[in-house]
Structures are given as C-alpha cells and as structure tokens.
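Per chain, numbering begins at 1; letters A, B, ... match sequence-line order.
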Amino acid sequence: MTSANSLVVLDFETTGLSPNMGDRAIEIAGVRLENGQVVDSFQSLMNPGRRVSGFIEDYTGITNEMLVDASACETVMGEFADFIGDANLVAHNASFDQRFLDEELARIGRSYTGEFVCSMLVARRIYQDAPNHQLGTLIKHVNIPADGVFHRALYDSQMTAKLWQEMLESIESRYALENIPFALLKKIARTPKKNLHKMLQAY
DNA sequence: TGCCAGGCCCTCTTTAGGGCCTT
C-alpha cells in the first residue's frame, strides 16, 4: 500500500521516439520515493513483438537477444501499473515517458490516477547555469556520484530520483521551505523563469 | 551519434521558426 506522499520516478527504454509512429516500450523501471527515501523499485525488459534497430541496441545496450525471452509488453505493463498504484509520477522529459505510459496502458485497458511532473522542466528553472539539461549532464553538474551506465531504465530512474531529491533540497535551502508539496513542484515546472524567484519568495 | 514526434521555451515572436530533450 502506498502512502499519501508516495512518488514513483520512472523511465522507459523504447524502440524509438513516438508511439504514434508505432514505437513500443522495451524496458520500464521505477523507484518509489517516500519521505525522500527509495523504498521500492521495479525493473523489467519486455518483448515488443518485433526486432529493435541497431541504433537502439547501441544506444541502450538492450539487444534483440536480450528481448527474445522477455515477457510481452502487456504482461509487464500490467505489473508496472500495479507497482505505480495511485502514486504521483516523475520522469526526465516526462512528456516522452507519459506518451509511452499512456499508450502501453491503453493497450491493456489500464490507467493511472497520479499526476506527472517533469524533472527536466524543474531543472531548467533551478539549474539555469547548467551546460545543458540532459540527465547525465545535470547529475555531473550537481556532483551526484554516478558509477553506472545511462540509458538503462533502472539506472536512469535511480539517477532521476537522486536529481529530484537534490532539487527539492536546493529549493528548500534557497527559500527556507520544508516538505515542499508535489503541487508546488508542478507549479514550478510551469512558471516562466522570469517569474520563478518572485513566486517562490511569496510562497 | 543521427533520422522518425511532440511539448516546452526563447526570440530578430504571436499571421513563426528553431533548439532542446526523451529513445
């Protein structure tokens, strides 16, 4: 059972960029955060029913051979829907992951009730001096130790969770806040950069 | 590391174009 402040940070690896173009998920992972601590995690490869391109094999390290014996997307996504429950959701460039989550769950008649917030949109506002706002760059920018390989779902979701916690602590520190609610993070992600400082000062 | 899309965001903007970010 999830608590009221449960948050799931998730990441997909896929056959490409667009479910509307026929792309499918090949790996899903998520870590559950409660009170800033990772309390559970989920990771599974899934068989999209067709071969993945050489580009995707190289980009993710997930090969066609690895996917042959993986469970079908329908099976894995059902398990993942159970995992996320009613938790709110975070992903880096969430519009991408949300499209695949919506598409894969629609295929099995499942849905979710949590709300998405994008860690990239928050990072663009909190770390305006970062060289860029790719996940790997931000992890380095804020000096989070990284000894794994990016572009795998579990590692990326773990790193996104650490970045998320770092951003929360940074905002709390800068504005003398405690226990920032999810709703404020949603608001930060939508607030124009030029208005952000004033909005947080007034909060 | 690229192409495919889509949302966000900036600007030499809003009757638009292009970069960023995700795989």
* Using a cut-off of 4.0 Å on non-hydrogen atoms, how would the nucleic acid contact of Thr15(A) be classed: base, sugar-phosphate, or nothing? -> nothing
* Asked: NE2 of His92(A) versus P of dG7(B): gap in Å, rounded?
  -> 18 Å
* Interatomic distance at C1', dT13(B) relative to dC8(B), whole Å -> 15 Å
* Flag for Thr137(A)-Asn132(A): side-chain donor and acceptor within less than 3.5 Å -> yes
* Any side-chain donor near an acceptor of the partner, Asp86(A) and Tyr112(A), under 3.5 Å -> no
* For Asp97(A), answer base if it contacts any base atom (sugar-phosphate contacts may also be present), sugar-phosphate if it contacts only those atoms, and nothing otherwise; contact means non-hydrogen atoms under 4.0 Å. => nothing
* **Sugar-phosphate only, base, or nothing, as touched by Ala189(A) at under 4.0 Å among non-hydrogen atoms** => sugar-phosphate
* Asked: Tell me: CG of Leu135(A) to P of dC20(B), nearest whole Å?
  -> 17 Å
* Could you go step by step and tell me if Leu101(A) and Phe116(A) meet the side chain to side chain contact (heavy atoms under 4.5 Å, CB included) rule? -> CA-CA 11 Å; Leu101(A) 185 64; Phe116(A) 262 99; 3.8 Å; yes
* Structure fact -> Assert: residue with more 5' nearest nucleotide on DNA chain B, out of Lys193(A) and Ser95(A), is Ser95(A)
* **Side chain of Asp58(A) - closest among dC21(B), dT1(B), dA5(B)** => dT1(B)
* **P spacing across the pair dT1(B) / dG6(B), given as an integer number of angstrom** => 24 Å
* **Pair Lys162(A) + Glu169(A): basic N to acidic O under 4.0 Å** => no
* To do: Figure out the CD1/C1' separation between Ile28(A) and dT22(B), and round it to whole Å.
  => 13 Å
* To do: Rounded off to whole Å, could you give me the CG-to-P distance for the Leu121(A) and dG7(B) pair?
  => 13 Å
* To do: Please work out if Phe12(A) contacts a base, only the sugar-phosphate, or nothing of the nucleic acid, heavy-atom cut-off 4.0 Å.
  => sugar-phosphate
* Closest-nucleotide 5' rank along DNA chain B - winner of Asp156(A) and Asp23(A) -> Asp23(A)
* Asked: Between His151(A) and dT23(B), is there a side-chain N or O to OP1/OP2 distance below 4.0 Å?
  -> yes
* Ser6(A) versus Arg32(A), side-chain donor and acceptor atoms under 3.5 Å -> yes
* Between dC21(B) atom C1' and Phe100(A) atom CZ, what is the distance in whole Å? -> 14 Å
* In whole angstrom, give me the gap between the C1' atoms of dC21(B) and dT15(B). => 28 Å
* Inter-nucleotide P distance (dG19(B), dC12(B)), Å rounded -> 15 Å
* To do: In whole angstrom, give the distance that lies between atom CZ of Arg125(A) and atom P of dC20(B).
  => 17 Å
* Separation of Arg99(A) atom CZ from dT22(B) atom P, in whole Å? -> 13 Å
* To do: Return yes if a side-chain donor-acceptor contact under 3.5 Å exists between Thr60(A) and His151(A), otherwise no.
  => no
* To do: Ignoring the backbone of Asn20(A), work out which of dC9(B), dT23(B), dG6(B) is nearest its side chain.
  => dG6(B)
* So which nucleotide from dA5(B), dC20(B), dT22(B) ends up closest to the side chain of Gln134(A)? -> dT22(B)
* **Euclidean distance for P, dG18(B) against dC4(B) (whole angstrom)** => 14 Å
* May I ask you to evaluate whether His133(A) reaches the phosphate of dC21(B), defined as a side-chain N or O under 4.0 Å from OP1 or OP2? => yes
* Expressed in angstrom and rounded to an integer, what is the separation of Arg190(A) atom CZ from dC8(B) atom C1'? -> 14 Å
* Structure fact -> Winner on side-chain proximity to Met21(A), out of dT22(B), dC4(B), dT23(B), is dC4(B)
